[in-house]
Every structure is written in C-alpha cells, then in structure tokens.
Amino acid sequence: MKTRIKELRARHDLTQEALANMVGVRRETIVFLEKGKYNPSLKLAYKIARCLDTTIDELFIFEDSDLE
Amino acid sequence: MNKFSVMFNKKSSTKWYLIEVKLLKGIEVENIKKEYKYKLALGVVLMLAGILSAAFFEVNASIPIFLITMGLTMFVITAFRHFRQGDLPDRDERTKKLAAYGITYSWLLTLVLITVLYWVEFLGLAELTAGATLGILLFFMIASANVFRWYFMQKGDVE
C-alpha cells in the first residue's frame with residue numbers, strides 16, 4: 001500500500017508530531033503509515049483524510065498485489 | 001454514540017473539523033496528564049506504605065520490599081513515559097493491536113512449552129516441582145509477550 005500522507009502533510013505544513021497530535025496517535029504510527037508499513041483502521045484513515053483535507057481513496061493507493 | 005461519531009456525522013468544513021479536533025485533543029491531553037499524575041501519586045503512596053510498614057510495623061520483610069519495588073517501578077516508568085511522549089498518547093490503535101498480537105503469539109508459544117514440560121516430566125528427564133513449573137511459565141509468558149510486542153513494533157504492523 002502506498003500513501004500520500006507525507007506529500008499532503010508537507011503541503012499543509014504539518015510536522016509528523018502535529019499530525020499525530022491532531023488524530024490522537026503516537027508519532028511512530030504516522031512514520032509507519034507514511035512508509036506504508038501499517039494499515040490503519042477506517043476511523044484513523046478517515047481522521048487523517050479530514051485533517052489533510054482530502055478523501056481516503058486519494059490518501060491511500062492500493063495496488064493489485066496489496067489485495068492478494 | 002461517542003464523541004467521534006457525533007463529530008463525523010456533522011457535515012462540517014475541514015476548518016471546523018480541525019477546531020473540533022483541537023478541542024477534543026485538549027480534553028484527551030488533560031486526561032493523559034491526569035492519568036500520569038494518578039500513577040505517579042500511586043507510586044509514591046506505595047513506596048511510602050512500604051517504608052512505613054518496615055519502620056513502624058513488625059511485618060514479613062518481603063512485604064515492604066515488594067511495596068517499595070512496585071512503587072518505584074510505577075513511578076520511574078510513568079515519569080519516563082511522560083518525559084518521552086509529552087502530550088501524545090503512549091498507546092494508540094497500533095500499539096494496542098500489536099500488544100494483543102504479542103500476547104496471542106506468547107500464549108501459543110507457552111502452549112508448546114507446557115507440552116514440552118509435560119513430556120519432560122512424563123519421560124522422567126527432569127524433576128519438576130509445581131513451584132518451579134509455575135515460575136518457568138510466569139517468566140516465559142511475560143518475557144515472550146514483550147519480545148513479540150517489541151518485534152512487531154519494530155516491524156510496524158502484523159499481517
């Protein structure tokens with residue numbers, strides 16, 4: 001899974017810690033999310049999408065290999 | 001209906017959403033700070049109870065040692081977490097999920113250990129007392145759960 005969190009976070013001039021604070025998670029969770037190493041819950045994905053002024057399907061990019 | 005579902009049902013703009021998030025975060029941060037305060041106070045109370053019981057009451061020596069150790073551990077761990085995390089939560093959905101997986105894997109591995117211990121006893125390879133067996137299992141479950149949790153935390157997620 002690829003994400004656009006890093007790109008959109010930079011566009012909104014937010015640090016990882018600020019985003020973590022806004023959505024109520026640890027900073028490490030944002031780090032793993034940006035690396036695509038953690039699949040968030042729907043609730044967390046929605047909260048991040050709202051904070052970054054986007055939608056979940058624009059934020060997370062699933063490839064066919066991710067669905068196997 | 002919890003506070004988040006109320007929030008998500010509103011068709012508010014991102015700006016209002018961020019204001020709401022900040023307000024809710026303020027409440028959460030206060031709750032975290034309160035939790036830290038209570039834990040620090042409890043640690044001090046336990047240590048004082050241990051010291052006072054040793055000084056003024058004739059009790060078994062292991063009780064004050066246990067109370068002081070518990071209090072000191074609670075105080076140091078809480079202070080360390082507060083220093084490291086600041087206003088951010090020390091637990092979130094990822095850490096809770098990984099801790100749960102760590103405990104699951106630990107439980108499975110302990111089942112294997114119990115089978116091994118059973119066969120060791122059955123075949124007479126070693127003399128195992130009930131106390132020794134319980135001690136082995138207690139240590140193994142705590143240690144393996146923490147090792148698995150640490151491993152998953154390094155990995156990021158479990159698939």
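Hydrogens, waters and symmetry mates are skipped; everything else that's a heavy atom, side chains included, is used. Convention: sequence-line order gives letters A, B, ...; per-chain numbering from 1.
Hydrophobic clustering, with ILVMFWY side chains joined whenever heavy atoms are under 4.5 angstrom apart, keeps B:Leu40 apart from B:Tyr38.
You'll find the side chain of A:Lys43 stays beyond 4.5 Å of the side chain of B:Glu93, heavy atoms only.
Here the shortest heavy-atom pairing between B:Arg91 and A:Arg26 reads N-CD, 4.4 Å. Taking both residues in full, the closest heavy atoms of B:Lys97 and A:Tyr38 are given as NZ-CE1, 4.2 Å, listed atom of the first, atom of the second, then distance.
The neighbour count for B:Glu127 CD, taken as heavy atoms of other residues, nucleotides or ligands under 6.0 Å away, does not exceed 12. Annotation for A:Asp57: atom CG counts as buried by contact number, over 12 foreign heavy atoms lying within 6.0 Å. More than 12 heavy atoms of other residues, nucleotides or ligands lie within 6.0 Å of CG in B:Leu125, so this atom counts as buried by the packing criterion. Within 6.0 Å of CE in B:Met70 there are 12 or fewer heavy atoms belonging to other residues, nucleotides or ligands.
Only the backbone of B:Lys155 comes within contact range of chain A, with at least one heavy atom under 4.5 Å from a heavy atom of that chain.
Looking at A:Leu33, A:Asn39, A:Thr29 one by one, the single match for side chain to side chain contact (heavy atoms under 4.5 Å, CB included) with B:Asp157 turns out to be A:Asn39.
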